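To start, I am sharing the structure in question, which I have written as structure tokens.
These numbers come from a predicted model, not from an experiment.
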Amino acid sequence: MGDSTVTTLEGREEAVRQPVAADTRPGFLRRLRTPSRPRLWFEILLIAVSYWTYSLIRNAVPEQRAEALRNADWIWRVEHDLAIAVEESVNHAVNSVTWLIVGMNYYYATLHFVVTLGVLVWLFRSHPGRYAATRMVLFATTGVALVGYYLYPLAPPRLMNGGDFIDTVMVHQTWGSMASGDLKNMSNQYAAMPSMHIGWSLWCGLTIFALASVPWVRVLGLLYPTATLVVIVATANHFWLDAVGGMMCLAFGFTVARLWYGALPYRLPRLVPAVALKQPRPRPASPR
């Protein structure tokens with residue numbers, strides 16, 4: 001006859017003290033890396049503080065005029081060697097059409113901020129699950145650009161020694177660059193590399209192209225950074241190679257977001273719960 005198994009009262013009490021399930025709540029780091037619905041007050045505060053910090057650091061970078069002018073001469077020589085040094089011709093050609101260059105001056109001064117903020121608002125409202133990751137791309141792009149301003153001071157073409165570039169803001173008495181005219185003391189004039197006009201506009205364009213559902217809006221998304229490239233060159237604020245620097249910063253921004261979230265921002269879910277539900281800890285049953 002086989003041995004019988006006897007369960008004592010003490011054994012039953014010991015069994016019920018064991019947890020019935022492990023705590024499956026995500027850790028702090030995992031929660032940070034999980035897409036969640038953004039909070040409006042936090043995003044407004046974050047963007048305001050971030051832009052203030054960016055402007056403060058950018059303008060605090062020493063204006064190393066001599067080195068910036070030497071770097072501009074070197075960039076200009078390299079572009080001649082590459083047969084792409086046509087900025088001066090574009091600058092003069094567009095400047096001859098008054099209405100066009102005046103429009104470009106205002107384009108340079110305003111759309112850089114207006115369109116970027118507009119895309120952020122659109123993401124916040126229509127793609128909340130992708131908002132944080134896409135915003136991280138923008139912030140990382142801007143952050144690494146600050147390093148570029150510090151390590152590589154560069155004069156814009158309109159400030160080159162011996163150059164024949166036209167400062168279109170000064171000539172046409174328009175408001176188009178905070179480094180020209182009465183506003184020149186409010187901004188570091190020798191922070192042209194990389195071009196954040198290109199970095200931000202390309203971020204906007206790729207985001208619109210990837211996420212917009214209307215075909216003509218997607219086309220506009222691609223045209224926007226293209227038009228911005230023409231504007232920064234025509235107004236003599238940047239070289240072509242400054243735009244390449246902006247693209248490289250944006251590539252860095254996408255890499256940071258990809259490593260943090262485990263996917264490109266546009267592949268994350270569009271919608272997420274407003275508040276992540278917490279799984280309660282299992283409570284041990286009371287012994288009877």
#### Entry: cation_pi(Arg218, Phe209) dist<6.0 Å, angle<=45
yes
> Does a side chain donor of either His172 or Asn95 reach within less than 3.5 Å of an acceptor in the other side chain?
Replying inline: yes
Rounded to the nearest 0.5 Å, the CG atom of Leu120 sits from the CZ atom of Arg125 at a distance of 14.0 Å
- Taking the six-membered ring of Phe139 as reference, does the NZ or CZ atom of Arg135 fall below 6.0 Å from its centre and within a 45° cone about the axis? yes
Check your understanding: Is there a chain of hydrophobic side chains (I, L, V, M, F, W, Y, each step under 4.5 Å between heavy atoms) that links Val121 to Leu46?
Key -> no
Under 3.5 Å: donor-acceptor pair, side chain of Asn91, backbone of Ile166:
yes
On a heavy-atom basis, the closest approach of Tyr261 and Ala132 is OH-CB, 3.5 Å
Item to complete: Keeping the roles fixed (side chain from His238, backbone from Ile198), state whether a donor-acceptor pair exists under 3.5 Å.
Response: no
| query | Looking just at side-chain N and O atoms, do Asp242 and Ser195 make a donor-acceptor pair shorter than 3.5 Å? | reply | no
All heavy atoms of Pro265 vs all of Phe254, minimum pair found to be CD-CD2, 4.2 Å
Review point. Tell me, do Trp203 and Pro225 make a side-chain contact under 4.5 Å, heavy atoms counted?
Key: no
Heavy atoms of Pro128 and Ser126 approach each other most closely as CD-C, 3.4 Å
Is there a chain of hydrophobic side chains (I, L, V, M, F, W, Y, each step under 4.5 Å between heavy atoms) that links Tyr106 to Val171? no
Would you call the rings of His112 and His197 parallel, tilted or perpendicular, where under 30° means parallel and over 60° means perpendicular?
-> parallel
Considering only heavy atoms from C-beta outward, does the side chain of Met196 approach that of Cys249 to under 4.5 Å?
yes
(message) Apply side-chain contact (heavy atoms from CB on, under 4.5 Å) to residues Val86 and Glu79 and explain how you reach the verdict.
(response) CA-CA 9 Å; Val86 297; Glu79 290 196 351; over 6 Å; no
Min side-chain heavy-atom separation Leu159-Phe165 under 4.5 Å: no
On a heavy-atom basis, the closest approach of Ala133 and Ala257 is O-CB, 3.8 Å
Worksheet entry | Main-chain N/O of Trp74 paired to Arg70 side chain as donor or acceptor, under 3.5 Å | no
Rounding to 0.5 Å, atoms CG (Leu250) and CG (Leu206) come to a distance of 6.5 Å
The reported gap from OG in Ser89 to CG in Asp164 (rounded to nearest 0.5 angstrom) is 10.0 Å
Met248 atom CE, neighbour heavy-atom count above 12 within 6.0 Å:
no
Report yes or no: do Leu123 and Tyr266 belong to one cluster of Ile/Leu/Val/Met/Phe/Trp/Tyr joined by side chain heavy-atom distances under 4.5 Å? yes
Practice prompt. Check the angle between the aromatic planes of Tyr224 and Tyr107 and answer parallel, tilted or perpendicular using the 30° and 60° thresholds.
Written response: tilted
Are the side chain of Gln173 and the backbone of Met170 linked by a donor-acceptor contact shorter than 3.5 Å? yes
Test item: Asn71 side-chain N/O and Pro153 main-chain N/O as donor-acceptor pair under 3.5 Å:
yes
Side chains of Gln64 and Tyr152 in contact at under 4.5 Å (non-hydrogen atoms)
no
Rounded to the nearest 0.5 angstrom, the CG-CZ distance for Leu264 and Arg130 is 11.5 Å
| said: Given 3.5 Å as the limit, does a donor-acceptor pair link the side chain of Glu87 with the main chain of Trp240, or not? | reply: yes
Rounding to 0.5 Å, atoms CH2 (Trp122) and OH (Tyr131) come to a distance of 13.5 Å
Do Thr168 and Asn105 pair up side chain to side chain, a donor and an acceptor below 3.5 Å, judged on atom types alone? yes
When every non-hydrogen atom of Tyr149 is compared with those of Ala191, the smallest separation belongs to CE2-O, 3.4 Å
_Heavy-atom side-chain proximity of Ile101 to Thr235 below 4.5 angstrom_ = yes
### Task
State yes or no: do Val102 and Val114 share one hydrophobic cluster built from I, L, V, M, F, W and Y residues joined by side-chain heavy-atom distances below 4.5 Å, directly or via other members?
no
Applying a strict under-4.5 Å side-chain criterion to I, L, V, M, F, W and Y, I'd like to know whether Val115 and Met104 cluster together.
yes
For Pro156 and Asn237, the nearest pair of non-hydrogen atoms, with its separation, is CB-O, 3.3 Å
**Note, Ile208 side chain near Leu220 side chain (heavy atom, < 4.5 Å)** = no
Which of Thr116, Thr228, Thr142, Thr141 passes side-chain hydrogen bond (donor to acceptor under 3.5 Å, both in side chains) with Trp200? Answer is Thr142
Separation between CD (Gln189) and CZ (Arg158), nearest 0.5 Å, reads 6.0 Å
